[in-house]
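Notes follow the structure.
All values derive from a computational prediction rather than experimental measurement. Whatever order the structure lists them in is the order used to number ligands and atoms, beginning at 1.
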Amino acid sequence: MGFFQRCAARSLLQGRRSLCGAAPGPERHQPDAPAARSAGPSSGPGRRYSAGVPGMQERTLVAVKPDGVQRRLVGDVIRRFERRGFKLVGLKLLQANEGILAEHYHELRRKPFYPALIHYMTSGPVVAMVWEGYNVVKTSRAMVGDTDSAEAKPGTIRGDFSIHVSRNVVHASDSVETAQREISLWFRSSELVDWDCCDYSNTYQL
Ligand code: IDP
Ligand code: MG
């Protein structure tokens, strides 16, 4: 049986109307509200593979910062996360205001570089994304590289595209708890999509 036939058979078996499409999970019908289940495992209905691999529904916030958008690096960043095997569940281009950035970077508010950081982050649009998959928080940080681009290893996003800490192209949450807070800050539940990848069996042993 071919790949797409297997997908179709699986969808039929599970009573799905769509072929490898968006699952009609509960979050998709909720009115606008802060993202509730934003990181970590879920046991809700409409999640077919959650029992297969613990932690595969972990989520993190990744954002291409204004310098990355200006330099047309959005596609490259997305491509890296797709190729690694993670699943995109939220994506938007927006002009961040000082309010959201003050919350996002509240731990850094007393740092000398804070005003410059806010100026940088409001200098143009950012692309905010939520990625899902096993160990995605830790793996994303490894893919992004050291905060100081001068220290970031080649092969990481910052190590390939950035030379200075003040223009380091991309953000990724630094812990599961931080990811939950940041996803709720940048996304509403209705903006996150539960869907099943056709090729999950190539990514995970289910
Ligand atoms: P992270 O982005 O790797 O998590 P954080 O320490 O959380 O690093 O800092 C948030 C952001 O603040 C950095 O990504 C960078 O844009 C900026 N930043 C951190 N340290 C400096 C600095 O020493 N000079 C200028 N900007 C900095
Ligand atoms: Mg950080």
| query | Can you list the residues that meet the ring pair (Phe, Tyr, Trp, His ring centres under 6.0 Å) rule with His104, with sequence neighbours excluded? | reply | His171, Trp186
| task | For Tyr204, enumerate each residue passing the ring pair (Phe, Tyr, Trp, His ring centres under 6.0 Å) test, keeping only those at least two apart in sequence or located in another chain. | result | Tyr200
Taking only distance into account, with no hydrogens and no angle test, what donor-acceptor pairs under 3.5 Å do side-chain atoms of residues 136-144 form with protein atoms, sequence neighbours excluded?
{"residue": "Thr139", "atom": "OG1", "partner": "Asn135", "partner atom": "O", "Å": "3.0"}
{"residue": "Ser140", "atom": "OG", "partner": "Val136", "partner atom": "O", "Å": "2.5"}
{"residue": "Arg141", "atom": "NH1", "partner": "Ala172", "partner atom": "O", "Å": "2.9"}

| request: Would you mind reporting whether Arg59 and Val176 have side-chain heavy atoms less than 4.5 Å apart? | output: no
| Linking I/L/V/M/F/W/Y whenever any side-chain heavy atoms sit under 4.5 Å apart, do Leu192 and Leu94 land together? | yes
List, for ligand 1, each N/O atom that has a protein N/O partner under 3.5 Å away, with both atom names and the distance.
{"residue": "ligand 1", "atom": "2 (O)", "partner": "Arg158", "partner atom": "NH2", "Å": "3.1"}
{"residue": "ligand 1", "atom": "3 (O)", "partner": "Arg141", "partner atom": "NH2", "Å": "3.4"}
{"residue": "ligand 1", "atom": "3 (O)", "partner": "Thr147", "partner atom": "OG1", "Å": "2.4"}
{"residue": "ligand 1", "atom": "3 (O)", "partner": "Arg158", "partner atom": "NH1", "Å": "3.0"}
{"residue": "ligand 1", "atom": "4 (O)", "partner": "Arg141", "partner atom": "NH1", "Å": "2.8"}
{"residue": "ligand 1", "atom": "4 (O)", "partner": "Arg141", "partner atom": "NH2", "Å": "3.4"}
{"residue": "ligand 1", "atom": "8 (O)", "partner": "Thr147", "partner atom": "OG1", "Å": "3.2"}
{"residue": "ligand 1", "atom": "14 (O)", "partner": "Lys65", "partner atom": "NZ", "Å": "2.8"}
{"residue": "ligand 1", "atom": "14 (O)", "partner": "Asn168", "partner atom": "ND2", "Å": "2.8"}
{"residue": "ligand 1", "atom": "16 (O)", "partner": "Lys65", "partner atom": "NZ", "Å": "3.0"}
{"residue": "ligand 1", "atom": "16 (O)", "partner": "Asn168", "partner atom": "OD1", "Å": "3.4"}

| query | Rounded to the nearest 0.5 Å, how far does OH of Tyr120 lie from OG of Ser166? | reply | 7.5 Å
